[in-house]
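Each residue takes its place number in the sequence, starting with 1. As the structure lists them, so they are numbered: ligands from 1, and atoms in each ligand from 1. It should be emphasised that the depicted structure is a prediction, and the values quoted were computed from it without experimental measurement. Just so you know, these numbers use all the heavy atoms, side chains as well, and skip hydrogens, waters and symmetry mates.
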Amino acid sequence: MIQIDLSGQVAVVTGGTSGIGLATARLFLQAGASVAICGRDADRLASAESALRDAFPNAKLLAVRCDVLDAADVTRFAQDVQTAFGRIDMLVNNAGQGRVSTFADTTDEAWREELDLKYFSIIRPTRAFLPMLEASSQGAIVCVNSLLALQPEAHMVATSSARAGVLNLVKSLAVELAPRGVRVNSILIGIVESGQWRRRYQTQAEAGQSWEAWTGELARQKKIPLGRFGRPEEAAQALFYLATPLSSYTTGSHIDVSGGVARHV
Ligand code: NDP
């Protein structure tokens, strides 16, 4: 395993209170970075903070309640990070969730909400943290995106369409920010076990059906070559690679973390 020492560096993970974001915060802390996480729900934020402090008693950790769709919240979050740590080197734009809906049942309002979430969850934190990222000698932004960007699903029409736009946005950002010393990349994930899938399990599984049985059946139905859902740590490792100098010559690119589901070569 390659070891990397991130002491003295600062990572910000939006939506760091559960699933992929929380696993990513752990990796940064393990590598010695100072870490700031955010989320909307105060209880989830408090329990994530206490889990991280239990695991890393000496951690330089900041947990801030912030909705990435609220411009004032995001500005305040960036100011809090500046006050606490004085810098930021790595930004992981992770906050969000998917929307299950077909074209027939997606209203105008739902389309707007979905496009708003997918775009502004990247635009606002990127804008707020950019001055600090530019001041770093190894500034990097990584966005959590989905394989839906390249391989749309009709039952997630609005999410798929927004994801494709975000893939395009990441490329433009990478080109614009490269001369300013900031790399921009993304990961394209398939299905990763996380809070949103746990919530779906609770409402959709048959009575008595275990989590393993339910996810195993879904993996079969969805023809995932590796035969299972991904784990948050597996997405986190790809995010970690793209956020750190391990990938210092990579920008405007993406890593597929889908268990082999992509059909294109
Ligand atoms: P989780 O539900 O476990 O985690 C989502 C995190 O984002 C939570 O910390 C949540 O906290 C936070 N969050 C959501 N909306 C906002 C917001 N507006 N402002 C701030 N924080 C927010 O899900 P995952 O770990 O699976 O999701 C991580 C990312 O991966 C999401 O963007 C999701 O869309 C994407 N993704 C996940 C897939 C999967 O299979 N798991 C597939 C494709 C993409 P709180 O609710 O308290 O705000």
For R53, does the CZ atom have more than 12 heavy-atom neighbours from other residues, nucleotides or ligands under 6.0 Å away? yes
Regarding E193 and R231, does a basic nitrogen lie under 4.0 Å from an acidic carboxylate oxygen? no
Just jot down the ligand 1 atoms closer than 4.0 angstrom to any heavy atom of I20, in number order. 25 (O), 30 (O)
Once you restrict to heavy atoms under 4.0 Å, what part of T14 touches ligand 1? Side chain, backbone, both or neither. neither
Indicate, as side chain, backbone, both or neither, the part of R44 found under 4.0 angstrom from ligand 1 when only non-hydrogen atoms are considered. side chain
Ligand-side contact atoms (ligand 1) for residue partner Q97, heavy atom cut-off under 4.0 Å: 34 (O)
For ligand 1, which part of R99 has a heavy atom less than 4.0 Å away: the side chain, the backbone, both, or neither? neither
Relative to the heavy atoms of R163, which atoms of ligand 1 are at a distance of less than 4.0 Å? 33 (C), 34 (O), 35 (C), 36 (N), 44 (C)
Can you confirm, on distance only, whether ligand 1 has an N/O atom lying under 3.5 Å from any N/O atom belonging to V68? yes
Distance-only, no hydrogens or angles: does the S247 side chain make a donor-acceptor pair with backbone N or O of T244 under 3.5 Å? yes
For A48, which part has a heavy atom under 4.0 Å from ligand 1: side chain, backbone, both, or neither? neither
Taking 4.0 Å as the limit for heavy-atom contacts, which would you say applies to F229 with ligand 1: side chain only, backbone only, both, or neither? neither
Shortest protein heavy-atom distance from atom 18 (N) of ligand 1, along with the residue and atom involved: D67 OD1, 2.9 Å
Hey, are Q9 and Q138 close enough side-chain-wise for a donor-acceptor pair under 3.5 Å? yes
Assess whether atom CD of E206 is packed by more than 12 heavy atoms of other residues, nucleotides or ligands within 6.0 Å. no
Determine whether the side chain, the backbone, both or neither of R124 has a heavy atom under 4.0 Å from any heavy atom of ligand 1. neither
Please confirm whether the backbone N or O of Q97 pairs with a side-chain atom of K118, one donor and one acceptor, at under 3.5 Å? yes
Donor + acceptor pair across side chains of S136, D89 (<3.5 Å): yes
Check for a donor-acceptor pair, side chain of R65 on one end and backbone N or O of R40 on the other, with a separation under 3.5 Å. yes
Could you give the side-chain donor-acceptor pairs of residues 150-159 under 3.5 Å, partners two or more places apart or in another chain?
residue	atom	partner	partner atom	Å
Q151	OE1	R263	N	2.8
Q151	NE2	V261	O	3.2
T159	OG1	R99	N	2.9
T159	OG1	R99	O	3.3
T159	OG1	E114	OE2	2.7

Among G190, S146, S258, P232, the residue with a heavy atom nearest to atom 42 (C) of ligand 1 is G190
Nearest protein heavy atom with distance in Å, relative to atom 32 (O) of ligand 1: N94 O, 2.7 Å
May I ask you to list the atoms of ligand 1 that are less than 4.0 angstrom from any heavy atom of T17? 8 (C), 9 (O), 11 (O)
Ignoring hydrogens and angles, tell me if any N or O in the side chain of N94 forms a donor-acceptor pair with the backbone of V13 under 3.5 Å. no
Using a strict cut-off of 4.0 Å, indicate which atoms of ligand 1 neighbour a heavy atom of G39. 21 (N), 48 (O)
Within ligand 1, which atoms have a heavy atom of I191 less than 4.0 Å away? 40 (O)
I need the I37 CD1 to T14 OG1 distance, nearest 0.5 Å. 11.0 Å
Taking atom 41 (N) of ligand 1 as the reference point, the nearest protein heavy atom with its distance: V192 O, 2.9 Å
Side chain of R183, backbone of T250: donor and acceptor closer than 3.5 Å? yes
The one among G19, A149, C66, S194 that brings a heavy atom closest to atom 23 (O) of ligand 1: S194
Using a cut-off of 6.0 Å, state whether more than 12 heavy atoms not belonging to R127 lie near its atom CZ. no
In the protein, which heavy atom is nearest to atom 17 (C) of ligand 1, and how far is it? R40 CD, 3.4 Å
Looking at ligand 1, does any of its N/O atoms fall within less than 3.5 Å of an N/O of K118? no
Which atoms from ligand 1 have a heavy atom of I189 less than 4.0 Å away? 30 (O), 36 (N), 37 (C), 38 (C), 42 (C), 43 (C), 44 (C)
Listed by chain and number, what are the ring pair (Phe, Tyr, Trp, His ring centres under 6.0 Å) partners of Y119, not counting sequence neighbours? none
What is the closest protein heavy atom to atom 27 (O) of ligand 1, and at what distance does it sit? Q196 NE2, 3.6 Å
Tell me whether G15 has any N or O atom under 3.5 angstrom from an N or O of ligand 1. yes
So if I count the atoms of ligand 1 from 1 in the order they appear, which ones are less than 4.0 Å from some heavy atom of R199? 2 (O)
Are L69 and L117 close enough that some pair of their side-chain heavy atoms sits under 4.5 Å apart? yes
Among G21, G96, A95, which residue places a heavy atom closest to atom 5 (C) of ligand 1? G96
What protein heavy atom sits nearest atom 3 (O) of ligand 1, and how far off is it? S18 OG, 2.4 Å
Counting only nitrogen or oxygen atoms and a 3.5 angstrom limit, does C38 reach ligand 1? no
With side-chain contact (heavy atoms from CB on, under 4.5 Å) as the test, would you mind laying out the steps for L147 and V257 before giving the verdict? CA-CA 8 Å; L147 185 63; V257 191; over 6 Å; no
Under-4.0 Å heavy-atom contact with ligand 1, by part of V144 that carries it: side chain
